[in-house]
Amino acid sequence: MDELPEQTVHCPFCDARLTLLLDTSAGAEHSYTEDCHVCCQPMLVHLTQDTDGHWQATLEQE
Ligand SMILES: [Zn+2]
């Protein structure tokens with residue numbers, strides 16, 4: 001089992017810098033919500049995987 005990839009992101013609400021463990025268990029091209037560790041707002045995390053197998057997370061306000 002591969003380790004979960006990490007990505008440094010900025011919270012779309014409070015702009016805090018966070019290290020997210022990307023939940024890749026559901027496969028490529030999915031979204032989930034995770035609460036910001038600083039302001040506790042629900043961030044919508046879009047996960048995509050490029051052709052090299054690298055994961056990319058994009059955050060939005062839910
Ligand atoms: Zn925040």
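None of these values were measured; they are calculated from a predicted model. In this chain, numbering begins with 1 at the start of the sequence shown. In listed order, ligands and their atoms are each counted from 1.
- With a cut-off of 2.8 Å, the Zn ion (ligand 1) has no N, O or S atom of C40 in range.
- With E29 contributing its side chain and T48 its backbone, the two residues share no donor-acceptor pair below 3.5 Å.
- Here H37 fails the criterion, with no N, O or S atom under 2.8 Å of the Zn ion (ligand 1).
- At the Zn ion (ligand 1), the vertex angle linking SG of C39 with SG of C14 is 110° (nearest 10 degrees).
- With hydrogens and angles ignored, the 3.5 Å screen pairs a side-chain donor or acceptor of Y32 with a backbone N or O of D23.
- W55 contributes atom CH2, which lies 5.0 Å from atom OG1 of T24 (distance to the nearest 0.5 angstrom).
- Under the side chain to side chain contact (heavy atoms under 4.5 Å, CB included) rule, V45 has a single partner from T58, T33, V9, L20, which is L20.
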